Novice: 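Take a look at the following structure, please.
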Amino acid sequence: MNKPIYLDNAATTRVYPEVVDAMSPYFAEYFGNPSSIYSFAGKAKEAVDKARSILAKGIGARPEEIYFTAGGSEADNWAIKAAAEACGDKGKHIITSKIEHHAVLHTCEYLKKKGYEITYLDVDEKGSINLEELKRAIRPDTILISVMTANNEIGTIEPIEQIGAVAKEHGILFHTDGVQAFGHIPMDVDAMNVDMLSASAHKINGPKGIGFLYIRKGVKIRSFIHGGAQERQRRAGTLNVPGIVGFGKAAELAFAHMEDHAAYETELRDYLIERVLAEIPHSRLNGERQKRLPGNANFCFRFIEGESMLIWLDRQGICGSSGSACTSGSLDPSHVLLAIGLPHETAHGSLRLTLSYENTKEEIDYTVEQLTEIIERLRGMSPLWEDFCKEE
Ligand SMILES: *Cc1c(COP(=O)(O)O)cnc(C)c1O
C-alpha cells in the first residue's frame with residue numbers, strides 16, 4: 001500500500017479536485033477585492049455571492065443570514081461570546097452539553113471566568129442528551145442553549161429539532177455546532193428552530209480556514225471583528241474569496257451527492273463495525289448504532305492504549321484517531337467517552353475511524369486485518385491482559 005488509507009475524515013477531508021479548480025482563478029486572475037467598486041472586482045463579488053447562496057440554500061436560510069468566518073472554531077466562539085454579551089442584561093446562564101467540541105467548551109469556560117454560569121447537560125450511554133433534563137435546567141436567567149448537531153468523536157446525532165422547540169418555547173437563543181453534520185446529513189434551520197449554526201469547509205472536502213456562522217435575521221448579537229463594513233458590519237476583514245468559492249463548490253457537491261454518499265458510507269461503516277465486533281475480542285462500539293453520522297465508527301478495546309494502537313496503525317499506512325485531533329498529544333482520555341460513562345482505562349483504548357465515500361471495502365478489510373494483529377500483539381505485551389486471561 002503506497003497511499004495512506006485515510007480513515008480520519010472527522011479531523012479533516014481531502015479537497016476535491018473540482019474544488020481546487022473552482023478556487024484557482026480567484027488567486028491570481030480575479031484577485032480583486034470584492035468590496036471595491038470597479039467592475040474588475042465584480043468577478044470576485046459575484047463568486048462570493050454565488051457561494052453564499054449555495055450555502056444558505058443548503059440549510060434553508062437566506063444568503064444575508066450567512067456570515068463567513070475563518071472556520072468552525074471562530075463561528076462557535078462568535079455565537080457563544082456574542083450571545084452572552086448581547087443578553088447579559090437578561091441573565092448570565094448558559095446551557096450546553098458535556099460532549100461539545102472544545103471550541104464550545106473552552107469558550108464556555110472562558111465565560112465562566114467572566115461571571116457566567118454554565119450548565120453542562122449529561123448524555124446517556126449512547127451520547128444523546130435528555131430533553132427532560134434540558135427543560136429542568138432552564139431558568140429565568142438562561143440566555144443561550146448550545147448543543148451540537150452531531151458529535152465529532154462518536155457520531156451521535158442529537159435531537160436538535162426538539163431542543164430547538166424547547167428553546168423557542170422559552171424564548172432562549174439556540175446555537176448548534178453543525179460542523180460535523182453540515183453537508184453530511186440534511187439540515188434545515190427552520191425545522192431545527194436554530195438561531196445560530198456553525199459550519200466549516202474542511203469537513204466537507206473544502207479548504208481549511210473558512211467557515212460560516214448562520215445568524216437568523218432579527219437576532220441581535222454584536223460584531224465579532226471590528227473594522228470595515230464586510231459581512232454587514234459584523235465580521236470585518238477582506239473576504240477570503242478563494243476559500244469562500246471553494247466552500248461553495250464543496251457544499252454544492254456535498255448537497256448534490258448527500259444521499260448516495262451517506263448510503264455508501266453507512267454500508268461501509270456497518271461492515272467495518274460488524275467485522276471489528278465479531279473478530280476482535282473485548283471490543284465495543286461507542287455511540288448510537290443507527291442514529292450516528294454515516295462515516296463514523298468509534299471503538300474501545302480493553303487492555304489497549306489508544307496511542308500505541310495509532311502508532312502501529314500508522315506504520316501499516318492507516319490514519320485513524322483516538323478521540324479528536326485537538327486532544328491528541330494530551331494523555332487525558334476523551335471527555336466524550338467519559339461523559340458516556342466509560343471508565344478511564346476503557347476510554348484510553350479508543351479508536352475512531354471516520355470514512356468517506358472515497359474509501360473502499362478493500363481498505364476496510366486491510367484495516368481490520370492489521371488492527372486484529374496489532375491488538376493481539378499489544379495485548380500480548382500487557383501484564384493486565386495476562387492477569388485477565390488467567391482469571392478467565
Ligand atoms: C472540526 C470541528 C470544529 C472546528 O472547526 P475548524 O474549522 O477546524 O475550526 C468545531 N466543531 C466540531 C464539531 C468539529 O468537528
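On a predicted model such as this, the values are computed, not experimentally measured, just so you know. If you read the sequence from its start, that first residue is 1, and numbering goes on from there. Read the numbers this way: they start at 1 and go in the same order the structure lists the ligands and their atoms.
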Novice: Atoms of ligand 1 less than 4.0 Å from Gly71 heavy atoms?
Specialist: 7 (O)
Novice: Are Tyr214 and Phe182, when compared by the centres of their aromatic rings, separated by less than 6.0 Å?
Specialist: no
Novice: Taking only heavy atoms of Gly72 into account, list the atoms of ligand 1 that are under 4.0 Å away from them.
Specialist: 5 (O), 6 (P), 7 (O), 9 (O)
Novice: To which of Ile210, Ile99, Asp177, Val104 does the heavy atom nearest atom 11 (N) of ligand 1 belong?
Specialist: Asp177
Novice: Are Val123 and Val179 in one and the same hydrophobic cluster, where Ile, Leu, Val, Met, Phe, Trp and Tyr link if side-chain heavy atoms are under 4.5 Å apart?
Specialist: no
Novice: Under 4.0 Å from a heavy atom of Ser200: give me the atoms of ligand 1 that qualify, with their elements.
Specialist: 6 (P), 7 (O)
Novice: Side chain or backbone, does Glu74 bring an N or O within less than 3.5 Å of an N or O on ligand 1?
Specialist: no
Novice: Taking only heavy atoms of Ser73 into account, list the atoms of ligand 1 that are under 4.0 Å away from them.
Specialist: 4 (C), 5 (O), 6 (P), 9 (O)
Novice: Using a 4.0 Å heavy-atom threshold (strictly under), name the region of Lys208 that reaches ligand 1: side chain, backbone, both or neither.
Specialist: neither
Novice: Kindly state whether the ring of Tyr30 and the ring of Phe40 have centres lying under 6.0 angstrom apart.
Specialist: no
Novice: Kindly state whether the ring of Tyr116 and the ring of Tyr110 have centres lying under 6.0 angstrom apart.
Specialist: no
Novice: Please check if Ile129 and Ile185 belong to a single hydrophobic cluster, counting links between Ile, Leu, Val, Met, Phe, Trp and Tyr side chain heavy atoms closer than 4.5 Å.
Specialist: no
Novice: For the backbone of Glu153 and the side chain of Asn298, can you confirm whether one donor and one acceptor N or O come within less than 3.5 Å of each other?
Specialist: yes
